[in-house]
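To keep things clear, I will list the structure first and then write my remarks on it.
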Amino acid sequence: MGDEQTVRSHAFHYSRRVAARSVIAAHGPLIPGPTTAPPRPATSGSHTAARLMTLAERLDSEPAQPLAPAVRVFHASAPTTRRPSTHETIEHWLDRGDLELIPGHRLSGEPTDEAGVPVLGADQIMDGSLAPAQVHIDLLTLAEDYPAAHLSEPGDVILTTTGGLRAAAVDHEGSALVTYPARILRPTETLDPHLLARALNRHGATGGRAWRSVTLRPVPESQRKALREAMAAVDNAHRHAHARIAALKELRDDLLDGIAARVLQFDTPTTAPPEGH
């Protein structure tokens, strides 16, 4: 089987590191991962009311996500007006090796596992962001049926060019299986993935290989760290906003369902809550 390094690299090819505290004295799967939400058990009106009040209080107490410290920019000197250089196109960066194009995997069937490796396809690319994976593939199934599979890495750009360019988005988490017709563009440190995704999305839908002619300039080395920090702050706020929207939807829907089913009522001067609640 080879030396120790070979064995270890093979054994952990499809694994990921997790904190020890997440697998010790805990309930549920040993390795936490994206799963579908379990069905809610039937509860009494008092339990529903307490849960919704707790949810509303949590939404009220959520701290704001500060962005200004990470987005401290000032006016830069206007660049010299010139036509885009052929040495700054995606085709050029692919030829030079600063971009790697990795095809999406063709699966023999639709994965149905609730846990395991998240599967990302063209449908997950929405408005320049990646929606959570709806399906997963079991680690053992992946290793057995697709031994040559390549998982995404943090900072990869997932794109689809079906019928021309549709969309592109940065994969912040990595460790996902990207399926055809989606593909991966993997940039080196020379190119910023957020600028790459933005350039592709601004390019719009055109046919054939026209997306390869999109112009992409490298970020000056002195600006790269600040750009990464700004994008991390914006992306973090974006994720919190999506989570807040989901929580607000839950609050709205469950409140309306409870009122419609007459298991909830508002605490008004004429409808005081029953004693003991």
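Predicted, not measured: the structure shown is a model, and the values here were computed from it.
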| query | Between Asp254 and Arg51, does a side chain to side chain contact (heavy atoms under 4.5 Å, CB included) hold up when you go through it step by step? | reply | CA-CA 10 Å; Asp254 289 357; Arg51 180 173 60 81; 3.0 Å; yes
| field | Stepwise side chain to side chain contact (heavy atoms under 4.5 Å, CB included) test for Asp257 and Thr48 | value | CA-CA 10 Å; Asp257 291 345; Thr48 300; over 6 Å; no
Going only through I, L, V, M, F, W and Y residues with side-chain contacts under 4.5 Å, is there a path from [X] to [Y]?
X      : Y      : answer
Leu94  : Leu159 : yes
Leu142 : Leu140 : no
Val157 : Met126 : no

Just so I know, are the side chains of [X] and [Y] near enough to count as touching, which here means a heavy-atom distance under 4.5 Å?
X      : Y      : value
Arg106 : Thr179 : no
Asp98  : Thr188 : yes
Leu185 : Ile102 : no
Val178 : Val119 : no

Can you tell me if [X] uses its side chain to pair, donor with acceptor, with the backbone of [Y] under 3.5 Å?
X      : Y      : result
Thr141 : Ile137 : no
Trp93  : Leu216 : yes
Asp156 : Glu153 : yes
Thr89  : Thr215 : no

Any chance you could measure [X], atom [atom1], to [Y], atom [atom2], to the nearest 0.5 Å?
X      : Y      : atom1 : atom2 : result
His47  : Leu52  : NE2   : CG    : 10.5 Å
Ser152 : Asp171 : OG    : CG    : 4.0 Å
Ser222 : Leu227 : OG    : CG    : 11.0 Å
Leu200 : Arg212 : CG    : CZ    : 11.5 Å

Of all heavy-atom pairs between [X] and [Y], which one has the smallest distance, and what is that distance?
X      : Y      : value
Leu120 : Ala131 : CD2-O, 4.2 Å
His136 : Gly116 : CD2-O, 3.8 Å
Ser175 : Pro118 : O-CD, 3.5 Å
Val170 : Gly155 : CG1-CA, 4.3 Å
Leu101 : Arg183 : CD2-NH1, 3.7 Å
Thr160 : Pro181 : OG1-O, 3.9 Å

| Taking only residues two or more places apart in sequence, or in another chain, which ones meet Asp60 in a side chain to side chain donor-acceptor pair (under 3.5 Å)? |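 By the side chain to side chain donor-acceptor pair (under 3.5 Å) rule, Asp60 matches no residue at all.
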| query | Charged N to carboxylate O below 4.0 Å: is that the case for Asp235 and Arg239? | reply |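 The answer is no: the pair does not qualify as a salt bridge.
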| request: Could you tell me whether Arg224 and Glu229 have a side-chain N and a carboxylate O separated by less than 4.0 Å? | output: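 Between Glu229 and Arg224 there is no salt bridge, as every charged N stays at least 4.0 Å from the carboxylate O atoms.
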Just to verify, what does [X] make a side chain to side chain contact (heavy atoms under 4.5 Å, CB included) with, not counting sequence neighbours?
X      : result
Leu59  : Leu55, Glu62, Arg244, Ala247, Leu248, Leu251
Gln223 : Val219, Pro220
Glu189 : Arg228

| Crowded around Glu91 CD? As in, over 12 foreign heavy atoms under 6.0 Å? |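 Yes - once you tally the heavy atoms of other residues, nucleotides and ligands closer than 6.0 Å, there are more than 12.
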| Taking everything shown except Arg198 itself, do over 12 heavy atoms lie less than 6.0 Å from its CZ? |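 No, because the 6.0 Å sphere around CZ of Arg198 holds 12 heavy atoms or fewer from other groups.
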| Chi angles and distances behind the side chain to side chain contact (heavy atoms under 4.5 Å, CB included) call for Gln124, Ile158 | CA-CA 9 Å; Gln124 273 67 57; Ile158 314 300; over 6 Å; no
| Intermediate values then yes/no, side chain to side chain contact (heavy atoms under 4.5 Å, CB included), Leu256 and Arg252 | CA-CA 6 Å; Leu256 291 173; Arg252 179 194 63 191; 4.0 Å; yes
| field | Pairs flagged by ring pair (Phe, Tyr, Trp, His ring centres under 6.0 Å) wherever residues 172-192 is involved - sequence neighbours left out | value |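 Passing the test, one end in residues 172-192: His172-His194.
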| Listed partners of His240 passing ring-ring contact (aromatic ring centres under 6.0 Å, His included), at least two apart |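 Result, ring-ring contact (aromatic ring centres under 6.0 Å, His included) vs His240: none returned.
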